[in-house]
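Take a look at the structure set out below.
Counting starts at 1 for both ligands and their atoms, in listed order. Every value quoted in this text rests on a predicted model; they were computed, and no experiment measured them. Numbers for residues simply follow the sequence, beginning at 1.
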Amino acid sequence: MKDFKSKYGPWAVVAGASEGLGEAFARDIASRGINVYLIARREEKLKELTGIIQHDYKVQAQYRKVDLSDPGQIKDFFSQLDVDAGLVVYNAAYAPVGRFAELPAEDPEKIVDVNVRGPVLVAQLVSARMKKRGSGGIVLMSSLAGTQGSPKIATYAATKAFNTTFAEGLWKELKPMGIDVLASCAGAILTPGYKNTQHQKPAPGTLTPEQVAAKTLNALGKGPVTVPGTVNKLARWFMGRILPRRWAINLMHQQTKKL
Ligand SMILES: NC(=O)c1ccc[n+]([C@@H]2O[C@H](COP(=O)([O-])OP(=O)(O)OC[C@H]3O[C@@H](n4cnc5c(N)ncnc54)[C@H](OP(=O)(O)O)[C@@H]3O)[C@@H](O)[C@H]2O)c1
């Protein structure tokens with residue numbers, strides 16, 4: 001804990017922090033003695049969580065309303081950020097479910113904005129700052145959905161594949177500058193977002209947001225990619241390495257067609 005705080009403190013930014021996994025990241029980071037800056041769109045939720053974190057973990061907490069689909073708002077936030085952020089977690093994602101040709105017209109672009117342009121821009125802005133301070137950590141939330149093509153969430157899944165590959169490249173490149181980069185390829189997590197899309201009992205290997213946050217933060221600095229949970233590790237190996245690609249897509253479709 002002490003090492004984590006000295007390496008990644010004194011402040012962390014959690015992007016997409018108002019509920020679910022983002023909230024769990026904020027709480028876990030605060031429990032390690034690091035101050036947290038929470039960003040998302042719903043101000044009321046951020047305000048409430050900021051108060052809870054200050055009270056429960058005795059660290060400083062701040063929040064700001066930022067729409068991560070808007071690059072202007074991301075640039076404004078980081079250019080005005082007046083705390084020393086040694087850790088940034090990009091948790092936010094947009095993940096509408098539906099056949100690609102039937103999605104609302106604005107959806108595919110918005111998925112790319114929040115899930116690809118957002119993390120690229122955030123990584124660009126924070127890595128420059130972290131390079132100057134000579135240390136830091138960047139966590140990008142990815143997903144097992146990105147291991148193969150995933151019908152009905154095709155764009156979302158592809159953005160998650162992007163995040164994993166992006167983090168792998170940055171991991172190697174930024175390591176000599178003292179910056180740790182990690183993609184966390186999660187399986188199902190019991191977040192409000194997941195519960196909204198499920199009409200069946202949770203998939204095998206489903207974890208709580210608290211479990212995923214803790215396992216992800218514990219893996220930071222130990223490699224480019226982590227897969228929280230044993231069942232999920234096996235699933236990634238089987239779908240990504242063992243099955244022919246076409247079979248993996250078909251198997252994924254068996255699950256996603258129920259969404
Ligand atoms: N849930 C799963 O089963 C699962 C599985 C694998 C991977 N993941 C990954 O884990 C991460 C979190 O999972 P989740 O989707 O279930 O969500 P979540 O943790 O329940 O919440 C998503 C957070 O992102 C914020 N957000 C969404 N769009 C935003 C925007 N345009 N600007 C700013 N903030 C935004 C939301 O806040 P506001 O609405 O207040 O803006 C919320 O705080 C995602 O990256 C997802 O891909 C999830």
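Ion pairing between a basic and an acidic side chain is recognised when a charged N comes within 4.0 Å of a carboxylate O; Arg42 and Glu19 show such pairing. Remark: Glu102 engages Arg99 in a salt bridge, criterion side-chain N to carboxylate O under 4.0 Å.
Side-chain contact annotation: Thr226 with Ser184, donor-acceptor N/O pair under 3.5 Å absent.
Residues with a heavy atom under 4.0 Å from ligand 1: Gly16, Ala17, Ser18, Glu19, Gly20, Leu21, Gly22, Ala40, Arg41, Arg42, Val66, Asp67, Leu68, Ser69, Asn91, Ala92, Ala93, Val114, Met141, Ser142, Ser143, Tyr156, Lys160, Ala186, Gly187, Ala188, Ile189, Thr191, Pro192, Gly193, Tyr194.
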Query - salt bridge (charged side-chain N to carboxylate O under 4.0 Å, His left out) between Glu23 and Arg27, worked out - result: CA-CA 6 Å; Glu23 174 178 345; Arg27 285 173 175 271; 3.0 Å; yes
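Under the ring pair (Phe, Tyr, Trp, His ring centres under 6.0 Å) criterion, the residue pairs touching residues 66-95 are Tyr37-Phe77, with sequence neighbours excluded.
Looking only at distances, no side-chain donor or acceptor of Ser150 sits under 3.5 Å from a matching main-chain atom of Ile153.
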